[in-house]
Structures are given as structure tokens and as C-alpha cells.
Amino acid sequence: MASVDLAKVGKNLLKSDESEEKVELQSLWKDQPVVLFFLRRFGCQVCRWTASEISKLEPDLRANGVALVGVGPEEFGLQEFKQGGFLKGPLYVDEQKKCYKDLGFKRYNALSVVPAALGKKVRDVAAKASAEGIQGNFSGDLLQSGGMVIVAKGGEKVLLHFIQDSPGDYLPLEEITKALGISATVKEGQRPVCNDDVCTR
């Protein structure tokens, strides 16, 4: 886990989807622990499926006083993402992508994104998303990666810092609850089993 300078990254501004006001990132963990899910893109099919998976934890998170927040690197696809109800939590936009940079969420280049996007992990999750009726699009910044940060109340410490290595990487739900020290009543969705030709449930 890379070191996170909460004092530095906490000063970065995010735009609230609801109010359109700019808020400091640290305001999100001021009064409660927070699970910050940084999406690659709001239109990303894998991100939408991951958001819906993480949202299965929302009742348990809320019961334990933990906020669930989604952050995207731009507004492309935001309205469609909201209409799809993929994440059960407030949404913000990091218009300057400063949080993404400060948290070590890499950017692909034109040559590295194609093999990464066509890799087995991405195909596996995309197949699961399709099986659940979750679609995506290719609007917006295709080169940004994402991840997750879980911060203790008041910014006391980083409980978890996850950086995607591949666009198909995501954290199992049990790792999120373990980092928070809570139990959950839901089970993770079954990922498809894929070989080069076929994916099954």
C-alpha cells in the first residue's frame, strides 16, 4: 500500500453532483469514516458493475456510520450513471484529477490501454456486468485508472488504499468490511468463469 498524505490530498477540491459546490476532499471524512470509490469513468461498464457490487454494502456501512462516496474524473456519463442507480451514495467530480494523481491512480497511454482493456480480468467482469444487464459506453477519458481509499473518521488514518493495476481490478467486498472492522450481511456477486471462448455464470 502506497503512502497517502491525507493532509495534502484532503485539500483537493471536488465538485458535488447534487449542489455543484466545490468541497475539500477532507470534508468527506471529517465526521465519519468514508469509503471513497474512484471510478475510471462514469460510462465504464466495469466501474458500473463494481459500483453496484460495493453498493450491496451500503446498508451495513450506514448502520456502522460509514459513508459511501463515488468520485469520477470528469462529468461525461455522470447523468446516465445516476439514472442507472449504480452507486448508493453521493457522487463528486475531480475536475482537475488532482486526487487521482495524488493517490497514485495511473494513467494509461494509447499503447498500454488496449492490452489492459482487453485483458482477461476486464473480460470476466464485463461478462458479469452484461449478464446483469449493466452496459457501458466509451465516452470520456479512456486512459484514467481508479481505485479506492477508505479513511477513518477525522482523517485519523488511511484504512485501505487500493490502486487498480488493470481496468478489471476491484476489491472483494470482504476486504472493504475487513478494513473497516465491520461485518456485512451480503455476499459478493459470483464472477463469471471465463476461458478464451466463453464466459459462464
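Small disclaimer: the values here were computed from a predicted structure and weren't measured.
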With a 4.5 Å limit on heavy-atom distance, are the side chains of Val9 and Leu103 in contact? yes
With a 6.0 Å cut-off (strictly less than), is the heavy-atom count around CD of Glu175, excluding the residue itself, greater than 12? yes
Keeping Gln144 on the side-chain end and Arg40 on the backbone end, is there a donor-acceptor pair under 3.5 Å? no
Report whether Ile182 and Met148 are members of the same hydrophobic cluster (ILVMFWY, side-chain heavy atoms less than 4.5 Å apart, transitive linking). yes
Identify whether the distance between the nearest side-chain nitrogen and carboxylate oxygen of Lys15 and Asp94 falls below 4.0 Å. no
So, Trp49 versus Phe86, ring centres under 6.0 angstrom or not? no
Would you say the side chain of Val69 lies within less than 4.5 Å of the side chain of Phe37, judging by non-hydrogen atoms? no
Non-hydrogen atoms of Val149 and Val158 that approach each other most closely: CG1-CG1, 4.3 Å
For residues Ser55 and Lys88, report the shortest heavy-atom separation together with the two atoms involved. OG-N, 2.8 Å
Sequence neighbours excluded, which residues qualify as side-chain hydrogen bond (donor to acceptor under 3.5 Å, both in side chains) partners of Lys22? Glu95
Would you confirm whether Gln32, through its side chain, and Gly65, through its main-chain N or O, come within 3.5 Å as a donor-acceptor pair? no
Linking I/L/V/M/F/W/Y whenever any side-chain heavy atoms sit under 4.5 Å apart, do Phe38 and Ile163 land together? yes
Any donor-acceptor N or O pair under 3.5 Å, side chains Asn12, Asp102: yes
Are Leu57 and Thr177 packed together at the side-chain level, in the sense that at least one heavy-atom pair is separated by less than 4.5 angstrom? yes
According to the salt bridge (charged side-chain N to carboxylate O under 4.0 Å, His left out) rule, which pairs have a member within residues 58-69, sequence neighbours left out? Glu58-Arg62
Can you confirm whether Gln96 is buried at CD, in the sense that more than 12 heavy atoms of other residues, nucleotides or ligands lie under 6.0 Å from that atom? no
Looking only at non-hydrogen atoms, find the nearest pair between Lys97 and Pro73 and report the distance. CE-O, 3.5 Å
Charged N to carboxylate O under 4.0 angstrom, Glu80 versus Arg48? yes
Test item: Leu159 and Val151 side chains (from C-beta on) under 4.5 Å apart, heavy atoms: no
Any Val35 side-chain heavy atom under 4.5 Å of Val66 side chain: yes
Compare all side-chain heavy atoms of Leu160 with those of Ile176 and state whether any distance is below 4.5 angstrom. no
Joint hydrophobic cluster, Leu173 plus Leu171, side-chain heavy atoms closer than 4.5 Å: yes
Lys82: what forms a salt bridge (Lys or Arg N to Asp or Glu O under 4.0 Å) with it, not counting sequence neighbours? Asp17
Does the side chain of Ile54 reach to within under 4.5 Å of the side chain of Tyr170, using non-hydrogen atoms? no
Are Asp169 and Phe162 side-chain neighbours, meaning at least one heavy-atom pair lies under 4.5 Å? yes
Would you call the rings of Phe105 and Tyr100 parallel, tilted or perpendicular, where under 30° means parallel and over 60° means perpendicular? perpendicular
Flag yes if more than 12 heavy atoms outside Lys106 fall under 6.0 Å of its NZ atom; otherwise flag no. yes
